Amino acid sequence: MTHPAEPSPGDAVPRKGDRTRARINLLILLLPIILLSMYTLVLPMIIFTAYSFRSFAGARISDTFSLDAYRDFFSDSYNYSVIGSSLQIAVVVTLITLVIAYPLAYCLWRLRRPSLQRWLALIIFSPVLVSVVVRSYGWSVVLADQGVLNTSLIGVGLIDSPIKVLFTSTAVVIGMIHVFLPFVVFPIYTSMLRMDPALREAAYDLGAGWTMYFVRVAFPRTLPGVLAGAQVCFALALGSFVTASLLGGGRIQLLPMEVYQATAEINWPTASVVNMVLLVLAFVSMLAFNRLSRMAED
Amino acid sequence: MGDVELINVTKMYNSVAAVADISMSIPAGCFFSMLGPSGCGKSTTLRMIGGFETVDRGTLRIAGQDVANVPPNRRPTNMVFQRWALFPHMTIYDNVAFGLQMEGVAKPEIRRRVGEALEMVGLGKRASDKPGKLSGGQMQRVALVRALVKRPKVLLLDEPLGALDLKLRVQLQRELKAIQRQVGLTFIYVTHDQSEALLMSDQVAVMSEGRVEQIGSPKEIYDRPQSPFVADFIGGTNFLDVEVEKEGKETVLVRSGPLRFEAERLGSEQASSGVVCIRFERIRIGEQAAQMPFHWEATVLGQDFVGSSIQYQVKLAQTDTNLTIQVPYDATAAVFQVGANVTVGWTRSSAGYLGAKSRIVAR
């Protein structure tokens, strides 16, 4: 044995000291991320939670426990419409992204030439490489009344006057789909890669055509990837701020913008309450998705 | 006429022939094996019959019909895949029922046929389990009945036992053979395991480098190999380069250095030199050898005990010829130590002569 630190094959059960050392090594490796998430996630969460139980009056935050911020938020029907449109946009974005992402992932999977595959993967991934602000302004150039979309549609004679897209929820949805697409394509693609290629041949061999193969074999096998992608997309859409504000032009009000406005007014209790609402929505959706994936897996 | 016929079939992969101009005719109801080392084209041939590879040149007929343009889902064949390819998200029942559902068979009949099929392999009670819960042997049985339940004309099996351990494999080999007799279907079986092919098959095609070396019954293949490759691939064989002294119709008198002996003719080729193959277990050693028509003195160079038998490496006296001899070990026969001088010998029927062409390929 040249490496005395390694357990020799004869040592069926590692000694207790070894196990403790292994655990300490693991802890050392995890320490940076634990510290980082403590400082940037857990601590702010605690502070936010604490602030949500304060009241805000006359530009001052009270020092005493209060449910005023919650009461104010939930008694205003406007806030319900904001929650509603936030959820609606997240659902619509997730559904459309899935519809676009699935065939894309399938193409990526079925491409035989590795060079083409790399290029397609890069193209799919490209929105993430561009800054949010640049990308959003890019879309406003395309979608504006005098933008590329309208001028070319008028040019071919499909429409007479420009259609209003920019600063509508359509623009917000388009912008979000563009960015979130890779986050959905790749989990689906991965689930396709994991699929045994012989299953396809087995399905054909047993008399299935492509449709039956897809419906009965391929799609059920990729469902975990679909759900993972949808989960990420939904959470990102719910929390999206820059894309929504730039392409919505202030006319589309979503929960993250309420947080931003309240923070700008130093109204931390309200900002915290909206944040709590966002958190609960994200958490509930996560639970629902996890439940679905477990059902899809067995 | 065969149930499955291949006439000059060729399959190219990037200008390399994976299967080169092979012809064979597989009779109906036959347990037919394609045997060969990996890369010999046996799986490709099977996949062409199943419709998973196109035939680049030649004709492929199944039950008299040219199937060149028939996709796998319309062929009267079904395949048992190498790693079984069971649908992991479906129950055992649904796996077996899948093929019948694709045919549009009525529900009650599906239930009856799937039930019977699962009973046949003793898995009736596992119908509602997912494949992940089964052992390898059980999955293999499910894969088999999933294909059989479709009542194909030809069943294709692509090394279906390759992933199992030896004991279970031997048991399943017997089961497969019994099921084949029971259903009377044509089975085309691909394997690289010679004992598997010999044990189960009615006919064996030995393949090498995209070509068929020999087709015959297991006994023919073993007793009368038509090429050094076949002799070498199946069983253990000694090769001797020989000069021909006198050619007879059935026998040939050959000479290799100081050795002169008669050998059975395996091919019909006339030549002045060739190769003689002698099976390890057909050479006698010790007292028995002295009674053989051809025997010589030799020295034991090595001795390997493998349980049921002992293998000796011997060097024939006054030659450079080394031979391997295998004798059954029954704990009573004399065991020769390394360095011992012994007599070795064989009969005419133990030595097979192959013509000159074989000589180059032999080693």
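Within every chain, numbering begins at 1; the chains are lettered A, B, ... in the order of the sequence lines, protein sequences first and strands thereafter. The model shown is predicted, which means the values in this text are computed figures rather than measured ones.
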Residue B:R47 versus chain A: region with a heavy atom under 4.5 Å: side chain
Sorted by number, residues from residues 180-192 of chain B in contact with chain A (heavy atoms, under 4.5 Å): none
Heavy-atom closest pair, residues B:M90 and A:R216: CE-O, 3.4 Å
Top contributor to chain A interface from B:A85, B:G51, B:P152 [non-hydrogen pairs under 4.5 Å]: B:A85
Within 6.0 angstrom of B:N69 CG, more than 12 heavy atoms from elsewhere: no
Chain A-proximal positions within residues 94-113 of chain B [heavy-atom distance under 4.5 Å]: B:F98, B:G99, B:Q101, B:M102
Ring pair (Phe, Tyr, Trp, His ring centres under 6.0 Å) partners of A:W139, counting only residues at least two apart: A:H178
Engaged part of B:F81 at the chain A interface, taking heavy atoms whose separation is under 4.5 Å: side chain
Residues in residues 189-215 of chain A that sit under 4.5 Å from chain B, counting heavy atoms only: A:D196, A:A198, A:L199, A:E201, A:A202, A:A203, A:Y204, A:D205, A:L206, A:G207, A:A208, A:G209, A:M212
B:Y13 atom OH: more than 12 heavy-atom contacts under 6.0 Å: yes
B:K177, NZ: over 12 other non-hydrogen atoms inside 6.0 angstrom: yes
Within 6.0 angstrom of A:F283 CZ, more than 12 heavy atoms from elsewhere: no
Toward chain A, the part of B:L156 with a non-hydrogen atom under 4.5 Å: neither
Heavy atoms of other groups near A:R113 CZ, more than 12 under 6.0 Å: no
